[in-house]
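Structure record follows, encoded as structure tokens.
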Number of protein chains: 2
Amino acid sequence: MPRSARISAEVLFRALADRTRLRLLNLMNGQELCVCYFVGVLSTNQPKISRHLAYLRRAGIVAARKDGKWMHYRIAVPPNDAAAKILKQTLDWLAHDPEMRHDLTLLNKACCSPNALVEIEGAPPPIPMQPLGAA
Amino acid sequence: MPRSARISAEVLFRALADRTRLRLLNLMNGQELCVCYFVGVLSTNQPKISRHLAYLRRAGIVAARKDGKWMHYRIAVPPNDAAAKILKQTLDWLAHDPEMRHDLTLLNKACCSPNALVEIEGAPPPIPMQPLGAA
DNA sequence: ATGTCATATACGCATATGCGTATGCGACTG
DNA sequence: CAGTCGCATACGCATATGCGTATATGACAT
């Protein structure tokens, strides 16, 4: 029994058909993050982020882990190879997009620089993961 | 100057995020077809087909050719490799879907069987093409 | 217990999407 | 040149989607 059901093409593509969700996936490529990082990097309101993360989770391409008051989100590799391959290639594609690269730069600053984003003071740091797409 | 502009991830995924459009793309994988074939195989109304074909065309993943009163549609390989790769893998994926296979069976019957679909009597036959996905 | 923090969800709104029906339009036919 | 054929588009409608604001929930701190 697979941990999650096969993902249909329509469900996958609908999940990928939104810029905000693509940005979230790009940030999760290589690390598990809690919500406040997404809010900080995309500099938007928190409910918007939570809604899109919930969407990705329902679609089956993102998984969540509770940790005290924090929720950590990570990419969940789809059980069907076709969907997994497309997701991987999508992440590779995004890695060439300037805005996506900039998002990753901001994420890096948020963790490591002396002047971290205000939103994430005291938040648990990102947890590195095996990236699905290009690191 | 490229024949068509690069396709953005959102535009591509939005185009792929609809079952009807996926069925149309699947039918075009390997041949150029005129509208009446799509109408016959999907057994739906013609404006619905035309609208979805126009959508795919605007998205840049389908091209059209006028031939008298007929319009022939075919898959247009996106100029950016990332988009082309995803489109190809999508077509490969669809080739495993039962409904998609059934559609191709119907298309084959429509052309070759003695009892062709009524919709396509007198229509120009499909024109074989190099398939982008699995043939 | 009370407050605060991180996150999720409810709500109302504006816009987008997909659909069927009706109609427009160019191309061929008699 | 009137009719028909293949296709595209306009229109009205129902539903879906994404958004910001407000509020609920659950965990931790005091």
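Throughout, protein chains are lettered first and strands after them, A, B, ... in sequence-line order, and every chain is numbered starting at 1. Values reported hereafter were calculated over all heavy atoms of this structure, with side chains retained and with hydrogens, waters and symmetry mates removed.
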Task: B:R21 to B:Y55 six-membered ring, cation-pi geometry met (6.0 Å, 45°) - done: yes
TODO: Measure the spacing between CG of B:L22 and CG of B:D18 and express it to the nearest 0.5 Å.
DONE: 7.0 Å
Per-pair distances, 0.1 Å, donor-acceptor, side chain in residues 78-89 of chain A, under 3.5 Å, sequence neighbours excluded:
| unit_1 | atom_1 | unit_2 | atom_2 | d |
| --- | --- | --- | --- | --- |
| A:N80 | OD1 | A:I7 | N | 3.2 |
| A:N80 | ND2 | A:I7 | O | 2.9 |
| A:K88 | NZ | A:D92 | OD2 | 3.1 |

Taking [atom1] from [X] and [atom2] from [N], how many angstroms apart are they, rounded to a whole number?
| X | N | atom1 | atom2 | answer |
| --- | --- | --- | --- | --- |
| B:F38 | D:dA8 | CZ | P | 10 Å |
| A:R57 | C:dA8 | CZ | C1' | 10 Å |
| A:R58 | C:dA8 | CZ | P | 12 Å |
| A:N45 | C:dA8 | CG | C1' | 13 Å |
| B:M71 | C:dG26 | CE | P | 14 Å |
| A:K66 | D:dA27 | NZ | C1' | 8 Å |
| A:D67 | D:dG26 | CG | P | 17 Å |
| A:I49 | C:dT9 | CD1 | P | 15 Å |

Open item on the list: For the backbone of A:L132 and the side chain of A:N29, can you confirm whether one donor and one acceptor N or O come within less than 3.5 Å of each other?
Closed with: yes
Task: salt bridge (charged side-chain N to carboxylate O under 4.0 Å, His left out) against A:R19, all qualifying residues, sequence neighbours excluded - done: A:D97, A:E99, B:E10
Taking N or O atoms only and anything under 3.5 Å, show me the protein contacts with nucleotides 13-18 of chain C, one pair per line.
| unit_1 | atom_1 | unit_2 | atom_2 | d |
| --- | --- | --- | --- | --- |
| C:dT17 | OP1 | B:R14 | NH2 | 2.4 |
| C:dG18 | OP1 | B:R21 | NH2 | 3.1 |
| C:dG18 | OP2 | B:R21 | NH1 | 3.4 |

TODO: Ignoring hydrogens and angles, answer whether the base of C:dA8 and the side-chain atoms of A:Q46 contain a donor-acceptor pair closer than 3.5 Å.
DONE: yes
TODO: Would you mind telling me which of C:dT7, D:dT9, D:dA22 lies closest to the side-chain atoms of B:S50?
DONE: D:dT9
- [ ] Side-chain contact test, heavy atoms from C-beta onward, threshold under 4.5 Å: evaluate it for A:L91 versus A:I75 and give yes or no.
- [x] yes
- [ ] For A:P47 and for B:H72, locate the closest nucleotide of DNA chain D by heavy-atom distance; then report the residue assigned to the nucleotide nearer the 5' terminus.
- [x] B:H72
TODO: Could you tell me how the ring of B:Y73 sits relative to the ring of B:F38: parallel (under 30°), tilted (30 to 60°) or perpendicular (over 60°)?
DONE: perpendicular
Open item on the list: OP1 or OP2 of C:dA6 versus the side-chain N and O atoms of A:Y37: is any pair under 4.0 Å?
Closed with: no
